[in-house]
Amino acid sequence: MPKPLSLPFDPIARADDLWERRWGSVPSMAAITSIMRAHQILLAEVDAVVKPYGLTFARYEALVLLTFSRAGELPMSKIGERLMVHPTSVTNTIDRLVRSGLVTKRPNPNDGRGTLASITEEGRRVCEAATRDLMGMDFGLGAYDADECREIFALLRPLRVAAKDFDGAPASAGAGEDRPD
């Protein structure tokens, strides 16, 4: 959990006021600063919940992705694509999960240069337990109700579309496929 700052004022609102006086009104500066602070807070909270399982949130996400696949395994390249991270980060994440006994790696029989990552039974057990704990604390978003969480998702979606994370078609998550593999 992040250490509470307990300031007698909102430092982002203060910065926004000072920014406006110096350079004019730029609401995007206050918005990005708020998003970055929220990221710090949320990452600290969820990492504190998954730490007892020997996980970081990034490792937890990889385990979840593997549980979503039909056979409990995916090519490393697909993991990186789905988690939207650089191949080096995927390798680091999966290698740490392998060392923890939560994932195994093997050559991909369909791609001579590729590697498959597979979740182990221990990995499934840890993933289920960590998921229960994260759901129990609303993934750090307990200050918001379900409708507000949907609104946050909707507000951030255009940013993700503009970054070309996906084509932006209004289809539901995972449309056209029942599993990520």
Side-chain angles (χ1 to χ4, degrees), residues 1-3 32 35-142 144 149 152-153 156-157 159-169 171-181:
M1 299 291 265
K3 181 182 171 202
I32 192 170
I35 289 168
M36 299 302 266
R37 178 60 183 144
H39 175 261
Q40 291 172 340
I41 292 166
L42 293 171
L43 193 57
E45 288 184 10
V46 297
D47 275 348
V49 169
V50 298
K51 186 177 182 178
Y53 299 102
L55 299 174
T56 61
F57 193 65
R59 288 182 218 147
Y60 168 77
E61 287 180 303
L63 287 178
V64 168
L65 182 63
L66 289 170
T67 67
F68 287 165
S69 67
R70 283 183 192 93
E73 63 183 14
L74 288 169
M76 297 282 281
S77 59
K78 185 156 290 208
I79 293 170
E81 174 187 295
R82 297 296 166 87
L83 295 179
M84 298 170 280
V85 296
H86 190 274
T88 303
S89 296
V90 173
T91 300
N92 184 350
T93 297
I94 296 300
D95 286 350
R96 289 177 182 267
L97 290 168
V98 167
R99 285 194 294 275
S100 299
L102 305 178
V103 168
T104 60
K105 286 181 7 181
R106 67 182 176 93
N108 186 342
N110 301 320
D111 176 1
R113 296 176 299 162
T115 302
L116 290 174
S118 305
I119 191 166
T120 65
E121 284 306 312
E122 178 65 5
R124 288 181 188 280
R125 187 194 67 71
V126 166
C127 185
E128 288 296 323
T131 297
R132 276 192 305 275
D133 290 352
L134 287 167
M135 289 173 60
M137 53 86 77
D138 289 322
F139 287 87
L141 292 169
Y144 301 99
C149 286
I152 291 167
F153 175 80
L156 293 174
R157 190 173 195 276
L159 180 68
R160 298 171 44 238
V161 170
K164 299 191 183 329
D165 279 356
F166 56 101
D167 69 14
S172 66
E177 55 183 299
D178 63 340
R179 304 292 243 181
D181 54 342

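Since the model is a prediction, treat every value here as computed from it, not as a measurement.
- In summary, E122 and R125 engage in a salt bridge, as defined by a charged side-chain N under 4.0 Å from a carboxylate O.
- Taking both residues in full, the closest heavy atoms of V103 and A117 are given as CG1-CB, 4.0 Å, listed atom of the first, atom of the second, then distance.
- How far CG of L141 is from CD1 of I152: 6.0 Å, rounded to the nearest 0.5 Å.
- Looking only at side-chain heavy atoms (C-beta outward), Y60 and T131 come within less than 4.5 Å of each other.
- Scanning all heavy atoms of the two residues, the minimum distance from P52 to A48 falls at CD-O, 3.3 Å.
- No more than 12 heavy atoms of other residues, nucleotides or ligands lie within 6.0 Å of CZ in R113, so this atom counts as exposed by the packing criterion.
- For the atom pair CD1 of I79 and CD of E61, the computed distance is 12.0 Å after rounding to the nearest 0.5 Å.
- At a threshold of 4.5 Å between non-hydrogen side-chain atoms, the residues R96 and N92 count as touching.
- Considering every non-hydrogen atom in both L116 and P75, the closest pair reads CD2-N, 3.5 Å.
- Considering CG of L43 and CD1 of I41, their distance stands at 11.5 Å, rounded to 0.5 Å.
- Using a 4.5 Å heavy-atom cutoff, the side chains of L134 and F57 are in contact.
- The number of heavy-atom neighbours closer than 6.0 Å to CG of L156, taken from other residues, nucleotides and ligands shown, is above 12.
- Scanning all heavy atoms of the two residues, the minimum distance from Y144 to C149 falls at CB-SG, 3.9 Å.
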Derivation of the side-chain contact (heavy atoms from CB on, under 4.5 Å) call for D133 and V50: CA-CA 8 Å; D133 290 352; V50 298; over 6 Å; no
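- Of the listed residues (L63, L66, I119), just one forms a side chain to side chain contact (heavy atoms under 4.5 Å, CB included) with L102, and that residue is L63.
- Within the 4.5 Å cutoff, side-chain heavy atoms of L55 are placed close to those of L97.
- The shortest heavy-atom contact between V126 and Y53 is CG1-CB, 3.7 Å.
- Smallest separation of non-hydrogen atoms from M84 and D165: SD-OD2, 3.7 Å.
- Enclosure of atom CZ in F153 is not indicated, since only 12 or fewer non-hydrogen atoms of other residues, nucleotides or ligands lie within 6.0 angstrom.
- A donor-acceptor pair under 3.5 Å is absent between the side-chain atoms of T115 and the main chain of R106, judged by distance alone.
- Going from atom CG of L83 over to atom CG of L65 covers 5.0 Å, rounded to the nearest 0.5 Å.
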